[in-house]
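Below: the structure, in structure tokens.
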Number of protein chains: 2
Amino acid sequence: MTVSRFVERLGEFVPLCAREQAALGRLEERQRVVRRGATLVREHDVSTELCILQSGMMMSFVILADGSRQILRFLFPGDLISLPSLVYTTAPETVAALSDSVVCPFDRAMLAQLAMRQPRLFLAMVALDQAERVMLTDRLAGLGRTSAKARVASVLLHVRDRLRRFDGTVGDSFVPGLTQEEIGDATGLTAVHVNRMLRQLEEEQLIARESGRVTLLDERKLIRAANYVDRLSAIDLSWLPPAA
Amino acid sequence: MTVSRFVERLGEFVPLCAREQAALGRLEERQRVVRRGATLVREHDVSTELCILQSGMMMSFVILADGSRQILRFLFPGDLISLPSLVYTTAPETVAALSDSVVCPFDRAMLAQLAMRQPRLFLAMVALDQAERVMLTDRLAGLGRTSAKARVASVLLHVRDRLRRFDGTVGDSFVPGLTQEEIGDATGLTAVHVNRMLRQLEEEQLIARESGRVTLLDERKLIRAANYVDRLSAIDLSWLPPAA
DNA sequence: CGCCGGTTTGAAGGGCCTCAATCGGCGTGG
DNA sequence: CCACGCCGATTGAGGCCCTTCAAACCGGCG
């Protein structure tokens, strides 16, 4: 058994006792490879399984009636996938791999068991999930009320922060691993316009680009232009009851 | 003590034993009135309290750097307010009353206690919260990929469904209780354009209006035009472990 | 009666889209 | 080894959806 990504993730914010770490480890006993471009769950398909992303990068999205796609979320190692299957037997969103990935699937009954036996741990997981919810509302506000340039900048900052959290060596320069069409589907724009916004960010000396690699030249200004907030760095789980 | 709205709400989807109902009741022991227009929590303010909305209608929103507002969510009786305060000591969004409302505030420590002592109940609450998350992603997709007309229609359908769920007598005709500016701030549009979209929906015989009251004339077509899904009617909590 | 918040309507402008063509990198098959 | 095909990036021209600005209208309430 490899390292539990979820223990890593949660452990950043709250100390976990051995018993709790073991419980989380049981969620990651099975492994499944998802190749770049392949889909893990398809919208409307029946699915009562959850997953933890072990390695790679994925996304969840929906396809609308007119065929357009809206990317809901980018997924990184340690992220919990398809939590909505706790309430719906049919998946509300498609999950697909942006790069070769490994996921650890487990049944929702296992999560129920964990909630019953390790309530403190479950509480911590729920709390952390609220951070995801807030990031979702950040993006909602971005789509509703900010310019195309701001939305594109926001995606760059978000992906950089998530990559860095998993791999500390990532600095101002990184490879997003997204096509301009994917950035567009995440920001509600066309690939064409994403391209123009990237060029504009480049002309304003906010970023530099070379063959897929992006460098943030003036992070301060970029954050301001994007209306960006790093929600992961403000998390506080210190109020949790102490481990048993 | 009045009826627990939260028991009503959760009880729609899963049977609750007496012990569980009592535990929920304890969350609603204190009451606080919030007048129409008043704000319960302000963004960036320190707040470790949660609330359950007893009666009335509220909204949560953020104000962006340029002063524009994005409404994140409309709140109805039985809804859990400011769950994000489980992870953040400072509120990520403002909560204000759209009509005279009553809320029941309780500390997050009480929720932690409930999670520890009534894990099944807490699991049910978390599952139900996932439905909120999915509604949020529906709105995200709406903002990113649907027309102004669809977004406005979607708000009307959403509010009608929520009102009806609380008051069964609500039919195709109802009073949204929202200004056109509020609808605009929820859909990422200007009040002016919301007005034009309402007129257009009226001209197409999809809705009728008279002094604040809206009547849905062709719900089928409206749902299709709005890309709307009623996420509350598809909820399935039957897999929950049985009550103790 | 006169204010005030909300609604309604018009005209003009801009941000982003659509359509379309070119270009570059890379894997594949000849 | 090279030609081809394909996907993604890039760039241009034109158009539409929604915004901005402005003014008139309406109902309610002091």
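Quick note on labels: first sequence line is chain A, next is B, and so on, each numbered from 1.
Mapping heavy-atom proximity under 4.0 Å, the span of DNA chain D touched by chain A runs 5' to 3' from dA9(D) to dA13(D). Nucleotides of DNA chain C that come within less than 4.0 Å of any heavy atom of chain B span, from the 5' end to the 3' end, dG6(C) to dA11(C).
Sequence neighbours left out, the pairs with a member in residues 183-198 of chain A that pass salt bridge (Lys or Arg N to Asp or Glu O under 4.0 Å) are Arg69(A)-Asp185(A), Asp185(A)-Arg145(B).
The side-chain contact (heavy atoms from CB on, under 4.5 Å) check on Arg164(A) picks up Arg160(A), Asp161(A), Val170(A), Glu219(A), with sequence neighbours excluded. Residues satisfying the salt bridge (Lys or Arg N to Asp or Glu O under 4.0 Å) test with Arg32(A), not counting sequence neighbours, are none. Residues satisfying the salt bridge (Lys or Arg N to Asp or Glu O under 4.0 Å) criterion with Glu8(A), sequence neighbours excluded, are Arg5(A). Listed by chain and residue number, Arg209(A) satisfy the side chain to side chain donor-acceptor pair (under 3.5 Å) test with Glu202(A) (two or more places apart in sequence, or in another chain).
Within residues 146-158 of chain B, the residues approaching DNA chain D are Ser147(B), Ala148(B), by heavy-atom distance under 4.0 Å. In the region residues 191-199 of chain B, proximity to DNA chain C at under 4.0 angstrom, judged on heavy atoms, holds for Val192(B), Asn195(B), Arg196(B), Arg199(B). The stretch residues 61-76 of chain A does not touch DNA chain C, since none of its heavy atoms comes less than 4.0 Å from the strand. Of the residues in residues 175-186 of chain A, none has a non-hydrogen atom less than 4.0 angstrom from any atom of DNA chain C.
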Validation: residues 220-227 of chain A side-chain donor-acceptor distances under 3.5 Å, sequence neighbours left out:
none

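Nearest heavy-atom pair across Pro84(A) and Arg133(B) is CG-NH2, 3.8 Å.
Each of Arg36(B) and Gly188(A) lies near DNA chain C, and the nucleotide nearest Arg36(B) is the one positioned closer to the 5' end.
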